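Along the sequence shown, residues carry numbers from 1. Basis for what follows: all heavy atoms, side chains included, without hydrogens, waters or symmetry-related copies. This is a predicted model, so every value here is computed, not measured.
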Amino acid sequence: QVQLVESGGGLVQPGGSLRLSCAASGSILSINAMGWYRQAPGKQRELVATITSGGSTNYADSVKGRFTISRDNAKNTVYLQMNSLKPEDTAVYYCNADLMVTLIVRRNYWGQGTQVTVSS
């Protein structure tokens, strides 16, 4: 089985910054992609940013220019650097991993979520 351990959430003022981390561990052959999703109160979960094994990134329009996704392949860890935070960024942020557990078996996993609150 695979575990996704998230950290870095918290309370920040508008304009502030946070860096989220997500480390994947367990029976992993390789990672196809990792990413971050978020869910605000009363809204459905949405994609924030993803990064593939080839290094391609994808961002929601609402975070482009403010958030940066990166990875440390040696640690099976993905990061989300969040700058110029806005109250609208307040949500539970979930880490996601799309990975190969064998050469032929592909699985998707979610972290428990970490709360990000942007408020003055």
Side-chain angles (χ1 to χ4, degrees):
Q1 298 296 324
V2 171
Q3 296 279 101
L4 301 182
V5 180
E6 300 157 321
S7 63
L11 173 65
V12 295
Q13 296 187 59
S17 297
L18 282 174
R19 190 175 82 151
L20 306 183
S21 300
C22 175
S25 62
S27 185
I28 301 170
L29 178 63
S30 62
I31 298 174
N32 299 317
M34 295 185 73
W36 293 93
Y37 296 72
R38 67 186 182 187
Q39 188 165 23
K43 303 197 70 176
Q44 62 188 40
R45 190 172 300 185
E46 65 176 351
L47 181 147
V48 177
T50 61
I51 185 165
T52 69
S53 61
S56 297
T57 58
N58 184 43
Y59 296 92
D61 288 342
S62 60
V63 308
K64 285 181 179 177
R66 300 188 297 121
F67 291 10
T68 302
I69 189 168
S70 61
R71 62 185 179 177
D72 184 336
N73 293 334
K75 297 180 179 180
N76 286 342
T77 298
V78 65
Y79 305 94
L80 185 68
Q81 179 66 47
M82 304 185 293
N83 298 325
S84 301
L85 283 161
K86 305 175 180 179
E88 306 94 273
D89 296 317
T90 295
V92 177
Y93 284 69
Y94 296 92
C95 179
N96 176 268
D98 173 17
L99 53 84
M100 305 300 298
V101 295
T102 72
L103 286 174
I104 198 170
V105 177
R106 185 176 182 176
R107 291 285 185 269
N108 187 269
Y109 293 88
W110 290 94
Q112 293 294 317
T114 184
Q115 178 71 48
V116 171
T117 302
V118 185
S119 177
S120 58

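No donor-acceptor distance shorter than 3.5 angstrom exists from the side chain of Q81 to the backbone of R19, with no hydrogens or angles considered. In this structure, N96 contributes its side chain and N108 its backbone to no donor-acceptor pair below 3.5 Å. Panel note: side chain R66, backbone S62; a donor-acceptor pair is recorded below 3.5 Å. Checking side-chain atoms of R71 against main-chain N and O of T52 turns up a donor-acceptor pair under 3.5 Å. Side-chain atoms of Y59 come within 3.5 Å of backbone N or O of I69 as a donor-acceptor pair.
No more than 12 heavy atoms of other residues, nucleotides or ligands lie within 6.0 Å of CD in Q3, so this atom counts as exposed by the packing criterion. Applying the 6.0 Å contact sphere to CD of Q112 captures no more than 12 heavy atoms from other residues, nucleotides or ligands.
Closest heavy-atom contact between M34 and I31: CG-CG2, 3.5 Å. Nearest heavy atoms, P14 versus S120: CD-N, 3.7 Å. Between R38 and A91, the closest heavy-atom pair is CB-CB, 3.8 Å. The two residues L29 and L103 have their closest heavy-atom pair at CD2-N, 3.4 Å. In plain terms, the two heavy atoms of C22 and L4 that are nearest each other are SG-CB, 4.0 Å.
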Q: Take T50 and W36 through the side chain to side chain contact (heavy atoms under 4.5 Å, CB included) test and state the conclusion after the steps.
A: CA-CA 6 Å; T50 61; W36 293 93; over 6 Å; no

Q: Please step through side chain to side chain contact (heavy atoms under 4.5 Å, CB included) for the pair E6 and Y93, ending with a clear verdict.
A: CA-CA 9 Å; E6 300 157 321; Y93 284 69; over 6 Å; no

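To the nearest 0.5 Å, atom OG of residue S70 and atom CD1 of residue I51 are 6.5 Å apart. Between the CG atom of D89 and the CZ atom of F67 there is a distance of 4.0 Å, given to the nearest 0.5 Å. Rounded to the nearest 0.5 angstrom, N83 CG and T68 OG1 are separated by 6.5 Å. S30 OG to L99 CG: the interatomic distance, rounded to the nearest 0.5 Å, is 7.5 Å. We find the CG-CD distance between L11 and Q13 to be 8.0 Å, quoted to the nearest 0.5 Å.
A salt bridge links D61 to K64: one of the charged nitrogens lies within less than 4.0 Å of a carboxylate oxygen. Salt bridge status for D98 with R107: absent, with no side-chain N to carboxylate O gap under 4.0 Å.
Stacking of R45 on the aromatic ring of Y94 is recorded, both the 6.0 Å distance cut-off and the 45° axial limit being met.
Tracing side-chain contacts under 4.5 Å through hydrophobic residues (I, L, V, M, F, W, Y), one never reaches V12 starting from Y79; they form parts of separate clusters.
Under the 4.5 Å side-chain criterion, counting only non-hydrogen atoms from C-beta, V92 is not in contact with T114. A heavy-atom distance below 4.5 Å is found between the side chains of N32 and R106. In this structure the side chain of L18 reaches within 4.5 angstrom of the side chain of V116, judged on heavy atoms.
Taking the ring centroids of Y37 and W110, they lie under the 6.0 Å cut-off.
For the residue pair D72 and T77, no side-chain donor N or O sits within less than 3.5 Å of a side-chain acceptor on the partner. Side chains of T117 and Q115: a donor on one and an acceptor on the other come within 3.5 Å.
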